[in-house]
Amino acid sequence: MSRCPFCESKLHFTSPGPKIMHREINLKQGMPTVEQALGRFERRLEQAQQERCRVLTLIHGYGSSGRGGVIREEIREKLQYLKYRKEINDVITGEHFSVSNGPGRNLLRRFPFLRQHRDLNKGNRGITLVVL
C-alpha cells in the first residue's frame with residue numbers, strides 16, 4: 001500500500017477503464033442548426049476524451065446545396081482550432097481518407113483497425129476523422 005509522503009494517509013489508485021478505439025458521431029442527425037451541431041460535437045468530444053477514445057468519425061454531411069454545408073465548414077474550422085491548441089492530435093478529412101493518400105496512409109499505419117472503415121477510399125466529403 002502506498003502512502004502520501006506528506007500526511008502518510010493511504011493512497012488508493014484506480015485504473016482507468018479500457019481504451020475505446022473508435023466512435024462515430026452523427027452531427028447531422030435530426031437536421032440541427034449549426035449551433036446545435038457544434039454543441040453536440042463539443043459534448044461528444046468531451047465524452048470521447050473521458051472514455052480515452054482514440055479516433056472519432058464525425059458525420060457532418062456535405063450540405064444540401066452540393067457546394068459544401070455550413071455545418072461541415074464550421075466543424076472543420078473548429079477542429080483546426082482544437083488541433084492548433086493541441087486539444088486533439090490530428091484531423092483527416094473524408095476526401096483524404098485513402099490508402100493511397102499521405103494523411104490517410106499515416107492514419108492507417110497508426111490505427112490498422114480503420115482498414116475496415118466503410119468510408120475508406122470513398123472520398124466522402126461528408127465525414128472527418130479526428131485523432132484524439
Side-chain angles (χ1 to χ4, degrees):
M1 172 95 34
S2 296
R3 295 200 172 266
C4 173
F6 304 105
C7 68
E8 297 188 15
S9 64
K10 294 179 185 176
L11 296 176
H12 301 279
F13 296 99
T14 58
S15 63
K19 284 184 183 175
I20 296 169
M21 297 305 287
H22 180 250
R23 283 260 192 257
E24 187 175 279
I25 302 172
N26 189 341
L27 299 174
K28 67 177 192 164
Q29 184 176 9
M31 298 191 61
T33 64
V34 174
E35 292 77 22
Q36 290 169 331
L38 284 169
R40 182 181 296 168
F41 163 69
E42 289 171 0
R43 288 187 302 276
R44 297 295 304 273
L45 174 64
E46 184 177 329
Q47 178 184 8
Q49 289 170 328
Q50 289 173 354
E51 294 173 342
R52 299 176 43 191
C53 183
R54 299 302 313 269
V55 180
L56 295 176
T57 297
L58 303 179
I59 302 170
H60 44 66
Y62 183 63
S64 58
S65 69
R67 294 187 318 267
V70 178
I71 291 174
R72 171 183 179 257
E73 292 170 6
E74 292 292 325
I75 288 293
R76 288 186 174 180
E77 187 175 315
K78 176 78 171 183
L79 290 170
Q80 289 306 315
Y81 174 73
L82 294 174
K83 183 177 176 183
Y84 169 78
R85 291 188 41 116
K86 301 188 185 317
E87 293 181 35
I88 61 174
N89 289 313
D90 207 359
V91 177
I92 292 82
T93 61
E95 51 270 32
H96 293 113
F97 183 43
S98 165
V99 296
S100 62
N101 184 286
R105 191 171 39 243
N106 291 338
L107 181 67
L108 293 169
R109 277 191 204 122
R110 289 178 64 192
F111 304 105
F113 65 87
L114 290 174
R115 291 189 179 279
Q116 306 302 314
H117 197 287
R118 71 173 179 255
D119 288 305
L120 180 62
N121 297 321
K122 298 216 175 139
N124 185 348
R125 295 178 180 180
I127 68 162
T128 301
L129 288 97
V130 182
V131 180
L132 302 178

How far apart are the C-alpha atoms of Leu120 and Leu108, what are their side-chain angles, what is the distance that settles it, and do they pass the side-chain contact (heavy atoms from CB on, under 4.5 Å) test? CA-CA 10 Å; Leu120 180 62; Leu108 293 169; 3.7 Å; yes

Audit row: Leu82, Leu45, side-chain contact (heavy atoms from CB on, under 4.5 Å) steps and yes/no: CA-CA 11 Å; Leu82 294 174; Leu45 174 64; 3.7 Å; yes

Under the side-chain hydrogen bond (donor to acceptor under 3.5 Å, both in side chains) criterion, do Thr93 and Arg76 qualify, and how do the steps go? CA-CA 8 Å; Thr93 61; Arg76 288 186 174 180; 4.7 Å; no

Test side-chain contact (heavy atoms from CB on, under 4.5 Å) on Phe97 and Leu107; report intermediate values, then the result. CA-CA 8 Å; Phe97 183 43; Leu107 181 67; 3.8 Å; yes

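A side-chain donor-acceptor contact under 3.5 Å links Arg43 to the backbone of Gly39. Between the Asn121 side chain and the Ser98 main chain, no donor and acceptor come within less than 3.5 Å of each other.
Here the CD1 atom belonging to Ile20 is positioned 9.5 Å from the CZ atom belonging to Arg52, to the nearest 0.5 angstrom. Note that the CZ atom of Arg44 and the CD atom of Glu51 stand 8.0 Å from one another [nearest 0.5 Å].
Inter-residue side-chain proximity for Glu42 and Lys78 is flagged as met; some heavy-atom pair is nearer than 4.5 Å. In this structure, Asp90 and Pro103 have side chains that are not in contact, with every pair of non-hydrogen atoms separated by 4.5 Å or more. By the 4.5 Å heavy-atom criterion applied to side chains, Arg115 and Val99 are counted as neighbours. In this structure, the side chains of Leu58 and Leu79 come closer than 4.5 Å at one or more pairs of heavy atoms. With contacts defined as side-chain heavy-atom distances shorter than 4.5 Å, the pair Arg23/Gln47 does not qualify. At a threshold of 4.5 Å between non-hydrogen side-chain atoms, the residues Met21 and Val55 do not count as touching.
Placement of Ile127 and Val34 in two distinct hydrophobic clusters is found when ILVMFWY residues are connected by side-chain heavy-atom separations under 4.5 Å, directly or transitively. Hydrophobic clustering (side-chain heavy atoms under 4.5 Å, transitive across Ile, Leu, Val, Met, Phe, Trp, Tyr) keeps Ile92 apart from Leu132.
Heavy atoms only, all atoms of each residue included: Arg118 and Ile59 are closest at NH2-CD1, 3.6 Å. Of all heavy-atom pairs spanning Asn124 and Gly126, the tightest one is OD1-N, 2.7 Å. Between Leu27 and Pro32, the closest heavy-atom pair is O-CG, 3.1 Å. Of all heavy-atom pairs spanning Leu129 and Leu114, the tightest one is CD2-CD1, 4.3 Å.
Other residues, nucleotides and ligands contribute at most 12 non-hydrogen atoms within 6.0 Å of the CZ atom of Arg125. The neighbour count for Phe113 CZ, taken as heavy atoms of other residues, nucleotides or ligands under 6.0 Å away, is above 12.
Ile75 pairs in a side-chain contact (heavy atoms from CB on, under 4.5 Å) with only one of the listed residues (Leu38, Val70, Ile25, Thr128), which is Leu38.
Among residues at least two apart or in separate chains, ring-ring contact (aromatic ring centres under 6.0 Å, His included) pairs with a member in residues 19-59 are His22-His117.
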